[in-house]
Undergrad: 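Pasting in a structure now, in structure tokens, and then I'll have a few things to ask.
Every chain is numbered from 1 and lettered A, B, ... according to where its sequence line falls, protein lines coming before strand lines. Note that the coordinates shown come from a computational prediction; the quantities given were computed from them, not determined experimentally.
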Protein chains: 2
Amino acid sequence: MRKGEETRAKILDAAEISVLAKGFGGTSIDELIAETGITKSGFFYHFRDKNELAKALLERYVENDERIYDEIFSRARELSDDPLQAFLLGLKLLSELLSDLPNGHPGCLVAVICSHERAFDRDIQEINRQAALMWRRRFGAMFRDIMQVYRPREPLDVDQLADMVSTVIEGGIILSKALKEPQNLPAQLLIFRTFVRLLFQPATL
Amino acid sequence: MRKGEETRAKILDAAEISVLAKGFGGTSIDELIAETGITKSGFFYHFRDKNELAKALLERYVENDERIYDEIFSRARELSDDPLQAFLLGLKLLSELLSDLPNGHPGCLVAVICSHERAFDRDIQEINRQAALMWRRRFGAMFRDIMQVYRPREPLDVDQLADMVSTVIEGGIILSKALKEPQNLPAQLLIFRTFVRLLFQPATL
DNA sequence: GCGAAAACTGTACCGACGGTAGGGAACCGG
DNA sequence: CCGGTTCCCTACCGTCGGTACAGTTTTCGC
């Protein structure tokens with residue numbers, strides 16, 4: 001029982017690395033079984049087909065993603081009672097975390113799935129959608145808290161503003177990869193941070 | 001001679017649709033030749049292999065992309081002499097264009113290539129990088145023009161600010177797809193527009 | 001209208017890959 | 001020691017990317 005989960009995890013580890021580097025089509029099952037030292041039958045014992053592998057991979061990825069966000073923003077919350085300051089601090093911490101990754105962000109599985117749309121069944125697309133909705137809820141709640149205290153200088157839809165956090169992260173990942181400038185993603189996050197600060201800054205002068 | 005280019009274009013048309021929908025791995029040559037009514041030998045007469053197809057596809061995509069940006073922002077420039085107003089107008093026009101696409105943005109080939117990194121040779125990755133650099137130059141020039149007239153409320157790196165345009169577009173495409181909300185991308189662009197307006201707005205009150 | 005190049009077609013083949021089928025075997029807790 | 005879990009082994013299938021190469025049609029310049 002525990003052995004099975006161990007093997008499963010090893011497969012998922014190898015698959016995640018390969019998928020983020022080469023896409024799903026570029027990831028062969030033969031390659032995964034070679035890397036994990038398992039046989040083909042062993043692989044298909046754990047996953048009915050490649051689609052189920054993708055599903056398990058995405059589920060694990062999203063869970064982990066949520067955990068990281070939980071950690072960062074709860075830590076930021078501990079450091080400041082003010083919801084705006086806590087959010088800005090959270091963005092800073094996230095930016096630093098991303099900046100410390102030696103080879104840059106390895107890529108977002110949600111984005112990879114989006115680039116393959118039709119190749120996956122509705123299950124997977126629904127997991128993807130729910131992941132994006134969870135981001136929206138998370139950051140939306142933060143902006144609502146902020147708006148209890150600060151008035152934005154421009155009226156903006158809270159959900160759209162919340163989506164912008166994900167937008168900047170996903171877009172930043174792509175640009176970092178295209179430009180081969182890993183520091184681009186954390187930089188983009190900091191610019192967004194400046195925008196948010198500007199948005200809720202009380203009118204000075 | 002002209003016939004050859006016609007066939008080539010037909011292949012590229014079919015390939016672009018399929019690649020944006022299913023990724024490169026999900027696009028089979030057999031499928032492309034079926035759709036264009038060509039034979040396999042005919043396909044390989046035009047493209048040595050799949051990699052060369054990808055290269056031609058990306059080159060064509062980037063050229064077209066540049067053309068669209070040229071049109072939109074030169075039109076915006078005609079409508080306003082003020083560089084800030086022209087840029088804000090350009091974003092608005094772009095947002096409207098994207099909003100009018102019935103099924104949303106079909107996807108960005110540059111982003112697809114990024115999700116497949118290792119599967120392509122350096123040629124293609126270099127084209128991708130150059131495309132992102134051209135975006136940076138384009139929008140960077142606009143922001144420099146703006147800064148000749150307006151002082152930003154916060155000091156920001158011009159290139160990073162320029163990259164943010166691409167970031168929001170790429171990220172918006174992904175989020176629109178993940179959420180299955182095509183209107184998300186134009187909405188994100190408008191939020192960014194608000195941010196830019198805020199950034200260069202002279203301090204009021 | 002003719003000859004040469006361009007633009008294909010047809011056929012046969014290869015290895016890699018995703019996936020299926022089914023018969024085991026080692027391990028492990030009760 | 002039984003039985004489930006967790007695999008391994010072998011053999012096989014269809015699809016796909018790609019090669020090889022000979023033959024045919026289409027197009028274009030002269």
Side-chain angles (χ1 to χ4, degrees), chain A residues 1-58 60 112-113 115-121 123-124, chain B residues 1-58 60 112-113 115-121 123-124:
Chain A
M1 255 190 186
R2 187 175 296 127
K3 181 81 184 307
E5 280 167 29
E6 222 173 84
T7 306
R8 206 181 137 95
K10 269 209 300 190
I11 298 173
L12 288 175
D13 286 341
E16 185 165 325
I17 292 170
S18 178
V19 166
L20 288 178
K22 300 182 289 187
F24 258 95
T27 299
S28 75
I29 293 176
D30 285 358
E31 169 199 341
L32 296 179
I33 67 179
E35 204 137 333
T36 53
I38 211 180
T39 60
K40 210 166 182 178
S41 318
F43 175 88
F44 284 106
Y45 169 77
H46 287 287
F47 305 99
R48 196 177 307 132
D49 51 30
K50 228 183 172 187
N51 197 77
E52 212 176 79
L53 171 69
K55 193 174 161 186
L57 210 54
L58 182 59
R60 200 181 70 148
V112 172
I113 303 277
S115 314
H116 289 217
E117 255 183 316
R118 293 241 173 249
F120 297 109
D121 61 18
D123 262 18
I124 290 188
Chain B
M1 258 191 187
R2 186 174 297 124
K3 180 80 185 310
E5 281 166 30
E6 221 173 86
T7 306
R8 208 181 136 94
K10 268 209 299 191
I11 297 173
L12 288 174
D13 286 341
E16 185 166 324
I17 293 169
S18 179
V19 166
L20 289 178
K22 299 181 289 187
F24 260 94
T27 298
S28 76
I29 294 177
D30 285 358
E31 168 200 342
L32 296 180
I33 67 179
E35 203 137 332
T36 53
I38 212 179
T39 61
K40 211 167 182 178
S41 319
F43 175 89
F44 285 106
Y45 172 77
H46 287 286
F47 305 98
R48 195 181 305 133
D49 51 30
K50 227 183 172 186
N51 197 77
E52 213 177 78
L53 171 69
K55 194 174 159 186
L57 209 56
L58 183 58
R60 199 181 71 147
V112 172
I113 303 277
S115 314
H116 288 217
E117 256 183 314
R118 291 243 172 248
F120 297 108
D121 60 20
D123 264 20
I124 290 188

Undergrad: Looking at B/Tyr45, does any N or O in its side chain come under 4.0 Å of the phosphate oxygens OP1/OP2 on C/dC8?
TA: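 Result: no.
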
Undergrad: I need the A/Leu57 CG to A/Leu53 CG distance, nearest 0.5 Å.
TA: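 A/Leu57 atom CG to A/Leu53 atom CG measures 5.5 Å (nearest 0.5 Å).
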
Undergrad: Can you pull out the residues from residues 13-27 of chain A that lie within a 4.0 Å heavy-atom distance of DNA chain C?
TA: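 Contacting residues: A/Thr27.
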
Undergrad: Which donor-acceptor pairs under 3.5 Å do side chains of residues 34-45 of chain B form with protein atoms, sequence neighbours excluded?
TA:
| from | atom 1 | to | atom 2 | distance (Å) |
| --- | --- | --- | --- | --- |
| B/Thr36 | OG1 | B/Leu32 | O | 2.8 |
| B/Thr39 | OG1 | B/Gly42 | N | 3.2 |

Undergrad: Each nucleotide in nucleotides 20-30 of chain C should get exactly one letter: B, S or -. Can you fill that in based on protein heavy atoms under 4.0 Å?
TA: B-B--------

Undergrad: On the nucleotide D/dT6, are OP1 or OP2 found under 4.0 Å from the side-chain N or O atoms that A/Thr7 carries?
TA: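 Looking at the OP1 and OP2 atoms of D/dT6, neither is under 4.0 Å from any side-chain N or O of A/Thr7.
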
Undergrad: Distance check needed: D/dG14 P versus A/Lys50 NZ, whole Å only.
TA: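 Roughly 21 Å, once rounded to whole Å.
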
Undergrad: Without decimals, in angstroms, what is the distance between B/Glu6 CD and D/dT27 P?
TA: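 Distance check: B/Glu6 CD to D/dT27 P gives 10 Å.
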
Undergrad: With heavy-atom distances below 4.5 Å as the criterion, would you say the side chains of B/Asp30 and B/Ile33 are in contact?
TA: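 Answer yes - side chains close enough.
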
Undergrad: Rounded to the Å, how far apart are B/Phe43 CZ and C/dT11 P?
TA: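 Rounding to the nearest Å, CZ of B/Phe43 and P of C/dT11 are 21 Å apart.
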
Undergrad: State, to 0.1 Å, how close B/Lys55 and B/Ile124 come at their nearest heavy-atom pair, and which atoms those are.
TA: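 In terms of heavy atoms, the two residues are closest at N-CD1, 3.6 Å.
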
Undergrad: Mind checking whether A/Arg8 and A/Phe47 have side chains closer than 4.5 Å, heavy atoms only?
TA: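 Yes, at least one pair of side-chain atoms sits under 4.5 Å.
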
Undergrad: What are the two closest heavy atoms between A/Glu52 and A/Arg48, and how far apart are they?
TA: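 Shortest heavy-atom separation between A/Glu52 and A/Arg48 comes out as OE1-N, 3.3 Å.
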
Undergrad: Using five base pairs at each end to define the local axes, how bent is the helix from C/dG1-D/dC30 to C/dG30-D/dC1, to the nearest 10°?
TA: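 Computed from the C1' atoms at both ends, the axes differ by 30°.
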
Undergrad: Output yes when at least one side-chain N/O atom of B/His46 is less than 4.0 Å from OP1 or OP2 of C/dA7, else no.
TA: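 The answer is no; no side-chain N or O of B/His46 sits under 4.0 Å from OP1 or OP2.
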
Undergrad: I need the A/Phe24 CZ to A/His116 NE2 distance, nearest 0.5 Å.
TA: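 Answer for the CZ-NE2 pair, A/Phe24 versus A/His116, is 8.0 Å.
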
Undergrad: Measure the OG1-CG distance between A/Thr7 and A/Leu12 for me, rounded to the nearest 0.5 Å.
TA: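 Here the rounded value is 11.0 Å.
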
Undergrad: Tell me the interatomic distance from B/Phe47, atom CZ, to C/dA7, atom P, rounded to whole angstroms.
TA: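 Taking atom P of C/dA7 as the reference, CZ of B/Phe47 is at 12 Å.
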
Undergrad: Using atom CD of A/Glu52 as one end and atom C1' of C/dG19 as the other, report the distance to the nearest whole Å.
TA: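 Roughly 13 Å, once rounded to whole Å.
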
Undergrad: Which pair of heavy atoms, one from A/Asn51 and one from A/Ala119, lies closest together, and at what distance?
TA: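 Closest pair (atom of A/Asn51, atom of A/Ala119, distance): OD1-O, 4.3 Å.
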
Undergrad: Kindly state which residues belonging to residues 28-39 of chain A come within less than 4.0 angstrom of DNA chain C, counting heavy atoms of the residue only, listed by number.
TA: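 Here the set is A/Ser28, A/Ile29, A/Asp30.
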
Undergrad: Per the side-chain hydrogen bond (donor to acceptor under 3.5 Å, both in side chains) rule, what does the pair list look like for residues 10-19 of chain B, sequence neighbours excluded?
TA: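 Listed by first then second residue: B/Asp13-B/Arg60, B/Glu16-B/Arg60, B/Ser18-B/Thr27, B/Ser18-B/Glu31.
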
Undergrad: Rounded to whole Å, please give me the gap between CD in A/Glu5 and P in D/dC7.
TA: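 Checked: the CD to P distance equals 11 Å.
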
